[in-house]
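Report on the following structure.
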Amino acid sequence: MPQEHQEHAARIAEFRDKVLYKLTYSVGKDPEHAFTHDWFEAVALATRDYLVDDWMGNTRRMYASGTKRVYYLSLEFLIGRLLLDNLSNLGLLEVAREALAGLDVDIDQIRQLEPDAALGNGGLGRLAACFMESMATLGVAAHGYGIRYEHGLFRQAIVDGWQQEQTESWLDFGNPWEFERPEVSYLIGFGGSVSAIPGEGEPRHFWHWAEGVRAVAYDTPIAGWRGNSVNTLRLWRARAEGELHLERFNAGDHVGAVEEEARAEAISRVLYPADSTEAGQELRLRQEYFFVSASLQDLMRRHLKQHGDLDLLPQKAAIQLNDTHPAIAVAELMRILVDVHAVPWSRAWQLTVGTLAYTNHTLLPEALETWSAGLMERMLPRHMQIIYLINAEHIDSLRARDIHDFELLRAVSLIEEDQGRRVRMGNLAFLGSHSVNGVSALHTELMRKTVFSHLHALYPQRINSKTNGITFRRWLFQANPRLTALLVEQLGEELLDRPDELLVNLRADADKSALRKRFAEQRQLAKLSLCSLVQDRIGLQLDPSALFDVQVKRIHEYKRQLLNLLHTVALYQAMRDEPTTAWVPRVKILAGKAAASYQQAKLVIKLANDIARTINHDPTLRGQLKVVFLPNYNVSLAEQIIPAADLSEQISTAGMEASGTSNMKFALNGALTIGTLDGANVEMLERIGDEHMFIFGLNARQVEMRRQEGPVAGEVAISASPRLHEVLQAIRSGVFSPDDPARYTGLVDSLIWNDHFMVCADFDAYWQAQAEVEERWRDPRQWWRSALMNCAGTGWFSSDRTIREYAREIWGVLE
Ligand SMILES: *Cc1c(COP(=O)(O)O)cnc(C)c1O
């Protein structure tokens, strides 16, 4: 024991010395005069030094063992803050806390100064971040590849109830976690022409691109739990190619030279802010090709240096494409193999398919990427040729299999001919990969039946399912230290290393009233902190004993924030109609960003704020109902909201949410879910048990059947439901928008005539399920028992489990 004490004291002293050294020599400040931000920077830099030692060791081991590497290509990484993540995974959190306390610095204060790295829109980008952490934890030799956007997702301000987008400049104070690697850079070509030189066998093709943009690497170390291994997230920044630009400058074409620079650097300037919808802009295609080409050039260089044999590529490299955004990798890898390394076409195709794997994230037709063939020909002429050639061989191979059905050939072609010629990136990714996976069981089943039904019939082995997961290090240990401490006390220290296996043991304790009581107490403390956050941010006082009913995610029609708002209004009306009834006090909490161009979603935000203003100021409710719209939802805000949630809203139109991951975060923290049979909710139901969830509404098959009958009129449901009728009447007539009574007539009318998202169709079932929620809440014994069962049943949704499945079944790494 004394020796342990001594070691601990020595580690504290070492950490303190490192921080002081960084403060002095890297930040250039005297401790006497340092600002809080200087301390943040010094602590981050000191922490990074600890990472670097493990990182180098890891890199050396990877080279020495010649192990197969995984490359995760993603246009988005929604990382959030890294200080706590790194300290906690390195086992230094307590050391740092005490060392800083000795310097009169509060770690909880300085960690708030770190800006969120918001290089993603929502679930897809957050998944990539959770995967990076799990791969490091499990010791998978992985590299993440993406773009180092100068501006991440916009900051959302709410002005007069409307969303306003402001630029997010997360790099203004520098980024202490990254290493710039000016020596690691590649030229990325655009435009120009292709010439073919006949030789023996296949002719060689040369792409004479017209514009070259340089991709420069920036590396961030990603540490696994207990510092097990440290992998690299390599993000590319676009730079104009210096010499070309200087030549023009000297020739007097100053404006042209600067324009060219701006055009090149625009590639890594800003993240496209749309979630699940595609803008189809030229700049977006430039971003996609830019990061794919840089990443493939980089990994090919590493492969050749280490193994020297292209034939070994599928044995030594697995490339995972996160959605279709990097799908151009199929053509780029073919180009590198065939044009640069003179690999014969058919062998190159084997290597490509053997190396690439593709994850599909959405079935929404507007989100299935296609690019006009004209744009592709102009920007990437050689890739367009390669795509045509892949397509010709694909169609020929089908004819050789005696498949002549015209409709089928049309559906599986890489080229869509309906509205001008377009390249289907989903089909390209499918054909060029040996594995195509969905992200929940239901989503995968729907993929087989809908978007990829024809390709699935031709390649029945290719589609597989990998249900998403979340990293428990961030979403339990860091976000909710109080609950973590309680769980460790209950289940033992080992929980920290194997939460996915051990959490289920909590089930046996769900009937212990002392545990339920303590579970409730930790929630109460989390709710109190959220109350003070709400007070600070929007000046609203909340009752911490009320039911906290939470829906936080991107604002999208299919996620149906509108259904939640209709329920809010119905509750409001019921409370006003029966003021003497003892209602369950409730706080509705919403947060989320709408794509800047998505008018309908932005109107929903305004409606939420209009409803909040009306309800929060109505004295007849005696505070029994409050509505909160928290601005600027991001990872850090999620970490503060989720531990305080009693009820988790996962109410998407069935068949439309591929998986969802906030559903898992909430359940892990012990919230009860009200939700539809959609995405991963279906599998949560299997593991948590239907007596502990509130499932309602149409299922995916029923939704599909209704839609097949033509436009779904909400009218039918409205005339059958006096409650819904009254709600819509109030919104339509301007009860919540007296300043502009017609503001919501269009919104309500569209529900009446075409309720595509089944908001009206599901309303009564939702109301009923909410009534059951209240009944459960009135019985604390049952409520907290269910809360424990939710936490206990969520172990399987760890991204460690997901990554083990990818590793074994797709990548062929890990036993
Ligand atoms: C988890 C998470 C998401 C995904 O939420 P869903 O409800 O699954 O869409 C989006 N944004 C942030 C900041 C998250 O942490």
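Source: prediction; values computed, not measured. Order of listing sets the numbers, starting from 1, for every ligand and every atom in it.
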Going by the atom numbers of ligand 1, which of them fall below 4.0 Å from some non-hydrogen atom of [X]?
{"X": "V635", "value": "13 (C)"}
{"X": "G660", "value": "8 (O)"}
{"X": "G123", "value": "3 (C), 4 (C), 10 (C)"}
{"X": "G122", "value": "10 (C), 11 (N)"}

Minimum-distance protein heavy atom relative to [atom]:
{"atom": "atom 8 (O) of ligand 1", "value": "T661 N, 2.7 Å"}
{"atom": "atom 5 (O) of ligand 1", "value": "S662 CB, 3.6 Å"}
{"atom": "atom 15 (O) of ligand 1", "value": "K665 NZ, 2.6 Å"}
{"atom": "atom 9 (O) of ligand 1", "value": "K559 NZ, 2.7 Å"}
{"atom": "atom 12 (C) of ligand 1", "value": "Y633 CE2, 3.7 Å"}

Mind checking whether [X] contacts ligand 1 via backbone (N, CA, C, O), side chain (CB onward), both or neither, at a 4.0 Å heavy-atom cut-off?
{"X": "R554", "answer": "neither"}
{"X": "W475", "answer": "side chain"}
{"X": "I470", "answer": "neither"}

[X] bridged to [Y] by N-O distance under 4.0 Å:
{"X": "D678", "Y": "K559", "value": "no"}
{"X": "K593", "Y": "E165", "value": "no"}
{"X": "R560", "Y": "E649", "value": "no"}

Between Q650 and ligand 1, is there a nitrogen or oxygen pair with a distance under 3.5 Å? no
Quick one: do the K588 and Q551 side chains pair a donor with an acceptor below 3.5 Å? no
Side chains of N464 and K466: do they bring a donor and an acceptor to under 3.5 Å? yes
Looking at ligand 1, does E639 have a heavy atom less than 4.0 Å from it? no
Those residues at least two apart in sequence (or on a different chain) that pass salt bridge (charged side-chain N to carboxylate O under 4.0 Å, His left out) with E150 are R269
Please identify each residue that fulfils side-chain contact (heavy atoms from CB on, under 4.5 Å) with P326, with sequence neighbours left out. L73, F291, V292, L321
Dump the intermediate steps for side-chain contact (heavy atoms from CB on, under 4.5 Å) on M693 and M684, then the final yes or no. CA-CA 9 Å; M693 289 175 75; M684 284 170 58; 4.1 Å; yes
Identify whether NZ of Lys or CZ of Arg in R801 sits under 6.0 Å from the centre of the six-membered ring of W796 and within 45° of that ring's axis. yes
